[in-house]
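To start, the structure under review is shown below, and the notes come after it.
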Protein chains: 2
Amino acid sequence: MNQIISNNLNPHVSVDCVIFGFDGEQLKLLIIERKPKDAVSALPGDLIKDNENLDEAACRVLYELTGLKDIYLKQLQAFGDPDRIKDLADVRWLRDVREEPLTRVITIAYYSLVNLAELAPRPASFAKEVRWELVKKVGKLGFDHNYIVDKALEQLRLNLKYDPLIGFELLPEKFTLRQLQKLYEAVLDQPIDKRNFRKKFLTAKIVVSLDEKEQNVPHKPAQYYRFDRKRYMRIKDRFWF
Amino acid sequence: MNQIISNNLNPHVSVDCVIFGFDGEQLKLLIIERKPKDAVSALPGDLIKDNENLDEAACRVLYELTGLKDIYLKQLQAFGDPDRIKDLADVRWLRDVREEPLTRVITIAYYSLVNLAELAPRPASFAKEVRWELVKKVGKLGFDHNYIVDKALEQLRLNLKYDPLIGFELLPEKFTLRQLQKLYEAVLDQPIDKRNFRKKFLTAKIVVSLDEKEQNVPHKPAQYYRFDRKRYMRIKDRFWF
DNA sequence: TCAAAAGTGTTTAAGGTACACCCATGT
DNA sequence: ACATGGGTGTACCTTAAACACTTTTGA
């Protein structure tokens, strides 16, 4: 069977999830540390199953490996070099996990941005640890996962600029403009002028102020706002950051 | 073998090519008409082979089916619903072409924009015809190919706006600003003001005028321009249409 | 009273949009 | 002389970018 499958036109197909997390200050990346001590870390990912589409596969894999649920994942792109798996440590790990460790694997990468404060990932059985690592400090990952992360981050930035929905989905119902700005600064990795930032969202009217302010903060309490989805849908062609 | 493959985690992987062609006036789409009379048309596509990466597979498939060569293809995205193949005509066609016609197929779509005047596609053996169809008049295609084409067109438009390279690659070395404008109008499907269009490219200095004009035209001859690639590379972050 | 973040306007420069006429050429 | 597309400039408006001080609260 191994013979048949590795010599015909029949590679395996997997999904890999690039999950960015925002904790109110910094951008982090969800990585899985594998059990054997010398194994490198990697993105959560696994082979797809029959009868599930790619989006479903990505959700399931993420759930199985980390317990994270109800997360909206966007497809990034497919990666399929025949020699994606080149490192010895990669092969060793695959021998533990896959029935046919040498078969070529084509992977469809997904990405997402989630609220780190609300989520507590837990490791799957074969993982040593599930960890949020600062994006800027992510070390060497297995396979071509560093490359995939770079592409995903590039895409996330574009996405946030041209379609801020991915940002609002992460924030709570009511939020302050500072929170929103911190999110943009963390993802785009650049400081943003406060007045210009507010102006952009307020004049576009895609955020509306509520009758409520912060309480018990040791500084002037900030106004809470909510996202006006309907308004945004009407003007989305003209809005970008 | 069929049993093994259709019940394990091992779908087939194919590539499909969405090739847009520009003839100086209109935007067309390359489609393949299959031989049995009742078969619907489809995009050029086929299973990938071992030892070729996805980009190579897309180039090879396009070449084999149409004779088109040296075409720069961009990856669009992967499509992988288990029920992508639902139509009876689709299944019938697959029976003619595939060894395992019922196995699930995940496809990676690619797209490109080419100069229709320079290319003469020829049909592969199993195809009845290779045809350039006006994008606006493309009828029902097999599988989920209409959906794929819609996505590709959306992406092409974004691409042309935010990175005009794909446009200049299609034009000859020397071109007139009118040709460039017609290209934008055809792809974006909207009329564009001539003066503003010229201003945008001329003030950005990404086109430079040559010492040569059109000849033997029954109207005031137009100036030829060339694309200044180096200049563009320097300012690409700030240029978009 | 101090520290910390909230909130607020104006100026300047650049770019977007809308718009109409004369010019050069071949037939 | 006519038909065809080539080529040009201005006025108005919107948006981007830079920039500093006062306010409110809890400790």
Side-chain angles (χ1 to χ4, degrees), chain A residues 23-26 160-162 164 171-172 174-186 188 190-226 232 235-241, chain B residues 23-26 160-162 164 171-172 174-186 188 190-226 231-232 234-241:
Chain A
D23 63 1
E25 288 290 331
Q26 290 178 294
L160 190 64
K161 281 189 172 187
Y162 297 114
L171 291 173
K174 55 183 189 185
F175 52 84
T176 68
L177 292 182
R178 167 165 239 251
Q179 286 177 287
L180 185 61
Q181 181 173 344
K182 283 277 183 191
L183 171 59
Y184 273 77
E185 289 178 331
L188 303 180
Q190 59 178 21
I192 300 171
D193 180 88
K194 182 168 48 160
R195 278 174 289 195
N196 293 338
F197 183 85
R198 298 174 143 251
K199 220 181 304 174
K200 181 123 46 185
F201 287 87
L202 288 172
T203 62
K205 294 180 186 166
I206 62 177
V207 293
V208 298
S209 90
L210 302 173
D211 281 338
E212 198 179 346
K213 293 189 180 195
E214 279 181 326
Q215 291 189 343
N216 295 322
V217 287
H219 54 75
K220 180 169 176 177
Q223 187 69 234
Y224 280 122
Y225 291 81
R226 67 170 178 81
Y232 172 65
I235 64 156
K236 61 182 297 181
D237 294 333
R238 279 157 286 153
F239 183 90
W240 74 91
F241 181 78
Chain B
D23 63 1
E25 288 291 332
Q26 290 178 296
L160 191 65
K161 281 189 172 186
Y162 297 114
L171 291 172
K174 54 183 190 187
F175 52 85
T176 68
L177 291 183
R178 165 164 240 253
Q179 286 178 286
L180 186 61
Q181 181 173 345
K182 284 276 183 193
L183 171 60
Y184 274 76
E185 289 179 331
L188 302 181
Q190 58 178 20
I192 300 171
D193 180 86
K194 182 166 51 159
R195 279 174 290 193
N196 294 337
F197 183 85
R198 299 175 141 249
K199 218 183 305 175
K200 181 121 50 184
F201 286 87
L202 288 172
T203 61
K205 294 180 184 165
I206 63 176
V207 294
V208 298
S209 90
L210 302 172
D211 282 339
E212 198 179 345
K213 294 189 178 195
E214 279 182 326
Q215 290 189 346
N216 295 323
V217 285
H219 55 75
K220 180 172 174 178
Q223 187 69 235
Y224 280 122
Y225 291 82
R226 68 171 177 80
R231 164 81 187 162
Y232 172 65
R234 253 179 288 128
I235 65 155
K236 61 182 296 183
D237 293 333
R238 279 156 287 155
F239 183 90
W240 74 91
F241 182 78

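Quick note on labels: first sequence line is chain A, next is B, and so on, each numbered from 1. No hydrogens, no waters, no symmetry mates; every other heavy atom, side chains included, goes into these values. As the structure is a prediction and not an experimental result, all values here were calculated from the model.
The backbone N or O of A/Glu185 lies less than 3.5 Å from no partner atom in the side chain of A/Gln190, so there is not a single donor-acceptor pair.
Minimum interatomic distance between B/His219 and B/Glu214 (heavy atoms only, all atoms of both residues): CE1-OE1, 3.6 Å.
Separating the CD atom of A/Gln181 from the C1' atom of C/dA6 is a distance of 11 Å, rounded to the nearest angstrom. In this structure, A/Leu180 places its CG atom 16 Å from C1' of C/dG7, rounding to the nearest Å. As rounded to whole Å, 12 Å separates atom P of C/dT25 from atom CG of B/Asn216. Whole-Å rounding puts the B/Phe197 CZ to C/dA18 P distance at 16 Å. Rounded to whole angstrom, the span from the CD atom of A/Gln215 across to the C1' atom of D/dT24 amounts to 14 Å. Rounded to a whole Å, the CG atom of A/Asp193 is 14 Å from the P atom of C/dA6. Distance, A/Ile192 CD1 to D/dC19 C1': 17 Å, rounded to whole Å. In this structure, A/Leu202 places its CG atom 14 Å from P of D/dA16, rounding to the nearest Å.
For A/Lys236, there are no side-chain hydrogen bond (donor to acceptor under 3.5 Å, both in side chains) partners at least two apart in sequence or on another chain.
Taking the ring axis of A/Phe241 as reference, the NZ or CZ atom of A/Lys161 does not stay both within 45° of it and closer than 6.0 Å to the ring centre.
If you check D/dG6, C/dT25, C/dA6 against the side chain of A/Ala222, the one that comes closest is C/dA6. When the nucleotides C/dA6, C/dC19, C/dG7 are ranked by their closest atom to the side chain of A/Arg198, C/dG7 comes out on top.
With the nearest nucleotide of DNA chain D identified for both B/Pro218 and B/Tyr224, B/Pro218 has the one nearer the 5' end. Nearest-nucleotide assignment on DNA chain C puts the 5′-proximal partner with A/Gln179, out of B/Pro221 and A/Gln179.
Two residues are said to be in side-chain contact when any heavy atoms from C-beta on lie closer than 4.5 Å; B/Gln181 and B/Lys194 meet this criterion.
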Under 3.5 Å, which N/O atoms of the protein pair with N/O atoms of nucleotides 14-17 of chain C?
{"unit_1": "C/dT17", "atom_1": "O4", "unit_2": "B/Lys199", "atom_2": "NZ", "d": "3.2"}

Identify all pairs in which a protein N or O lies below 3.5 Å from an N or O of nucleotides 20-23 of chain D, and state each distance.
{"unit_1": "D/dA20", "atom_1": "N1", "unit_2": "A/Arg195", "atom_2": "NH1", "d": "3.2"}

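Of the inter-residue distances, the one linking A/Arg178 atom CZ with A/Leu183 atom CG reads 13.0 Å to the nearest 0.5 angstrom. Annotation: the span from A/Lys213 atom NZ to A/Thr176 atom OG1 amounts to 13.0 Å, rounded to 0.5 Å. For the atom pair A/Lys182 NZ and A/Gln179 CD, the distance stands at 11.0 Å (nearest 0.5 Å).
B/Gln223 comes within 4.0 angstrom of sugar-phosphate atoms only, judged by non-hydrogen atoms across all strands, and of no base. As judged by a 4.0 angstrom heavy-atom cut-off over every strand, A/Arg178 is placed among residues touching the sugar-phosphate backbone only.
Aromatic ring centres of A/Tyr232 and A/Phe201: separated by at least 6.0 Å.
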